[in-house]
Amino acid sequence: MDHFVGVSQPENSLTACAPAVSMYRDEQNLLLVQPPDMPENPRVLRVVLLGAPNAGKSTLSNQLLGRNVFPVSKKVHTTRCQALGVITEKESQVILLDTPGIISPVKQKRHHLELSLLEDPWKSMESADLVLVLVDVSDKWTRNQLSPQVLQCLTQFSQVPSILVLNKVDCLKQKSILLELTATLTEGVVNGKKLNVRQAFRPCPDTHCPRPAAKDLNTQSEKNAGKIGWPNFQEIFMLSALSQEDVKTLKQYLLAQAQPGPWEFHSGVLTSQTPEEICINKIREKLLEYLPQEVPYNVQQKTVVWEEGPSGELIIHQNLLVPKESHMRILIGEKGHLISQIAQEVGRDLMDIFLCDIQIRLSVKLLK
């Protein structure tokens with residue numbers, strides 16, 4: 001089953017300040033290695049986003065960047081490897097490392113997940129200047145404690161300043177729950193001081209928090225045994241990653257935390273991903289969104305055509321390979337409606353990222 005779709009660019013698709021991504025791999029690679037166009041007094045900050053699967057890390061990253069370059073879905077393990085995004089404003093450059101949801105080795109083996117899901121969050125922490133720990137406050141099953149893996153990561157890299165971000169606050173009817181969660185997840189201590197509830201609602205973006213001294217890992221591990229919170233958070237943010245005002249406040253805070261140092265990327269860089277990787281991730285995002293249970297995890301993707309058309313449009317043809325005929329029927333949908341919808345939505349998303357017209361064809365085939 002093939003579906004071919006052409007999408008015209010809407011007039012308001014341009015996102016202010018956020019650079020587009022080139023649709024050509026070579027151009028993107030050249031931009032990534034191009035010397036940074038730094039101002040006289042450059043500042044830089046490397047930020048790692050940590051959290052349980054589906055905490056909203058990629059959604060927040062996209063909002064901070066101004067374009068949806070990272071895949072997002074309600075299913076877990078949408079982000080399968082470390083992805084890098086770059087925010088450049090005036091003298092400051094903030095590098096976002098959107099990591100996979102941090103998981104245990106048991107889950108990695110049980111679900112046959114890539115080893116990168118275990119390794120990437122830890123590798124990212126080695127070069128981090130700041131870590132944002134996201135907690136989904138709408139999930140009543142997980143919100144009352146930081147996962148053992150997140151706590152272990154914070155403990156091992158206790159010298160890296162950390163910020164607690166309570167996400168999806170718009171989903172809470174009882175806002176008083178936020179105060180209870182704050183007290184629990186911080187153990188009642190923020191920035192070395194006993195928590196003042198009123199301060200939790202008003203983070204101070206104008207002060208830079210010095211790094212705490214590194215502590216012995218074994219001592220910390222024993223000390224943290226049985227703990228559910230982290231008493232070393234420097235600030236607390238309560239927000240909805242879908243709220244532009246909330247995200248703007250956090251973005252300005254991050255830019256203010258940037259320290260004197262050379263930029264790592266040219267100001268035209270938005271992400272380290274190749275154009276093809278962005279496309280593959282966007283299609284997988286839709287597969288996860290629309291296909292039931294384990295079906296989307298069994299779909300293999302193969303890009304067949306990636307070329308510029310006669311009018312400057314990007315022409316993409318990708319094969320979606322599935323192991324069962326029943327999966328084919330599900331993916332195609334009644335009269336081809338589902339695969340058509342997926343193609344149209346992917347086309348619109350890619351148009352906003354590459355800022356060009358998109359023609360995309362998705363073919364569903366049986367894996368042999």
Side-chain angles (χ1 to χ4, degrees), residues 1-9 13 20-32 58 67-73 75 77-81 83 112-114 116 270-292 294-368:
M1 175 74 186
D2 287 356
H3 183 76
F4 187 80
V5 60
V7 188
S8 298
Q9 181 174 334
S13 66
V21 179
S22 173
M23 66 179 180
Y24 301 109
R25 178 192 289 261
D26 290 345
E27 284 187 3
Q28 173 73 346
N29 288 339
L30 283 174
L31 185 60
L32 287 170
S58 294
R67 293 193 192 280
N68 296 326
V69 295
F70 298 138
V72 175
S73 84
K75 290 190 173 71
H77 310 314
T78 305
T79 300
R80 305 304 285 262
C81 61
H112 307 289
L113 299 170
E114 296 96 322
S116 63
L270 184 68
T271 178
S272 62
Q273 300 172 93
T274 67
E276 292 88 346
E277 285 173 340
I278 291 174
C279 177
I280 288 171
N281 284 334
K282 278 295 166 184
I283 293 173
R284 183 160 52 83
E285 169 189 301
K286 305 304 177 184
L287 298 178
L288 287 166
E289 182 176 350
Y290 289 112
L291 299 182
E294 297 296 318
V295 175
Y297 298 100
N298 293 319
V299 179
Q300 296 184 24
Q301 299 169 246
K302 183 177 180 181
T303 302
V304 181
V305 175
W306 186 285
E307 62 186 21
E308 183 179 355
S311 301
E313 73 276 19
L314 175 58
I315 299 175
I316 304 169
H317 179 192
Q318 187 170 118
N319 289 338
L320 304 179
L321 309 175
V322 295
K324 301 177 182 179
E325 289 189 9
S326 59
H327 290 183
M328 283 188 65
R329 291 192 293 271
I330 293 172
L331 179 50
I332 293 169
E334 186 177 354
K335 297 181 180 180
H337 288 320
L338 181 55
I339 194 64
S340 173
Q341 182 176 355
I342 290 174
Q344 289 181 26
E345 292 187 9
V346 169
R348 286 195 293 268
D349 289 349
L350 294 180
M351 182 180 57
D352 182 60
I353 296 170
F354 300 130
L355 293 187
C356 67
D357 288 343
I358 302 291
Q359 290 188 351
I360 182 168
R361 186 172 79 184
L362 300 179
S363 301
V364 184
K365 300 181 181 294
L366 194 62
L367 185 63
K368 296 181 180 179

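Treat the numbers as computed from the prediction; the structure is a model and nothing was measured.
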Engineer: Would you indicate whether the side-chain heavy atoms of V21 and R67 approach each other to under 4.5 Å?
Structural biologist: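 A side-chain contact is absent here, since even the closest heavy-atom pair is not under 4.5 Å.
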Engineer: Testing V304, V346, L350, L362 one by one against I316 for a side chain to side chain contact (heavy atoms under 4.5 Å, CB included), which residue passes?
Structural biologist: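 When V304, V346, L350, L362 are each tested with I316, the side chain to side chain contact (heavy atoms under 4.5 Å, CB included) holds only for L350.
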Engineer: Are I283 and V299 close enough that some pair of their side-chain heavy atoms sits under 4.5 Å apart?
Structural biologist: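 I283 vs V299: side chains apart.
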Engineer: Are side-chain heavy atoms of R361 and V305 found at a separation under 4.5 Å?
Structural biologist: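 Of all side-chain heavy-atom pairs linking V305 with R361, none is under 4.5 Å.
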Engineer: Using 0.5 Å steps for rounding, measure from the NE2 atom of H317 to the CD atom of E307.
Structural biologist: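 Answer for the NE2-CD pair, H317 versus E307, is 11.5 Å.
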Engineer: Could you state the interatomic distance from CG (L291) to CZ (R284), rounded to the nearest 0.5 Å?
Structural biologist: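 Here the rounded value is 12.5 Å.
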Engineer: When you measure from the side chain of E27 to the backbone N and O of S22, does any donor-acceptor pair fall under 3.5 Å?
Structural biologist: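 No; zero donor-acceptor contacts below 3.5 Å.
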Engineer: So which heavy atom on G312 is nearest to which on C356, and how close?
Structural biologist: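 What the structure gives for the nearest pair is O-CB, 4.4 Å.
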Engineer: Where do K286 and D349 land on the side chain to side chain contact (heavy atoms under 4.5 Å, CB included) test, with the steps shown first?
Structural biologist: CA-CA 11 Å; K286 305 304 177 184; D349 289 349; 3.1 Å; yes
Engineer: Which atom pair, heavy atoms only, marks the closest approach of I360 to A343?
Structural biologist: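 Nearest pair, atom of I360 first, then A343: CG2-O, 3.5 Å.
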Engineer: If we only count heavy atoms from C-beta on, is the V322 to V295 side-chain gap below 4.5 Å?
Structural biologist: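 No. Closest side-chain heavy atoms not under 4.5 Å.
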Engineer: To the nearest 0.5 Å, how far apart are CG in L321 and NE2 in H327?
Structural biologist: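 It comes to 13.5 Å.
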Engineer: What are the two closest heavy atoms between E325 and L366, and how far apart are they?
Structural biologist: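 Shortest heavy-atom separation between E325 and L366 comes out as N-CD1, 3.6 Å.
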Engineer: Just wondering, do L367 and N298 contact through their side chains at under 4.5 Å, heavy atoms?
Structural biologist: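 In short, these two side chains do not touch, never coming nearer than 4.5 Å.
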Engineer: Less than 4.5 Å apart, side chain to side chain, heavy atoms only: is that true for L287 and L320?
Structural biologist: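 They are in side-chain contact.
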Engineer: Looking only at atom types and distance, does a side-chain atom of Q28 sit under 3.5 Å from a main-chain N or O of T271, one as donor and one as acceptor?
Structural biologist: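 Confirmed, Q28 side chain pairs with T271 backbone.
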Engineer: Taking W306 for the side chain and M23 for the main chain, is one N or O donor matched with an acceptor at less than 3.5 Å?
Structural biologist: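 Yes.
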Engineer: Picking from E345, Q344, H337, what satisfies side chain to side chain donor-acceptor pair (under 3.5 Å) with Q341?
Structural biologist: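 Only match with Q341 under side chain to side chain donor-acceptor pair (under 3.5 Å): E345.
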Engineer: Can you tell me how far apart NZ (K302) and CD (Q318) are? Round to the nearest 0.5 Å.
Structural biologist: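 Rounded to the nearest 0.5 Å, the NZ-CD separation comes out at 11.0 Å.
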Engineer: Please report the interatomic distance CG(L314) to OH(Y24), rounded to the nearest 0.5 Å.
Structural biologist: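 Separation between the atoms: 7.5 Å.
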Engineer: Could you pull out the closest heavy-atom pair between I358 and G347, with the gap in Å?
Structural biologist: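 Closest approach of I358 to G347: CG1-O, 3.7 Å.
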Engineer: Hey, does S311 have a side-chain heavy atom less than 4.5 Å from the side chain of D357?
Structural biologist: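 When only atoms from C-beta onward are counted, S311 and D357 do not touch, as no gap falls below 4.5 Å.
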Engineer: Does any non-hydrogen side-chain atom of E285 lie less than 4.5 Å from one of N281?
Structural biologist: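 No - every pair of side-chain heavy atoms lies 4.5 Å or more apart.
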Engineer: Rounded to the nearest 0.5 Å, what's the gap from NZ on K282 to CZ on R348? Could you check?
Structural biologist: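 Those atoms lie 12.0 Å apart.
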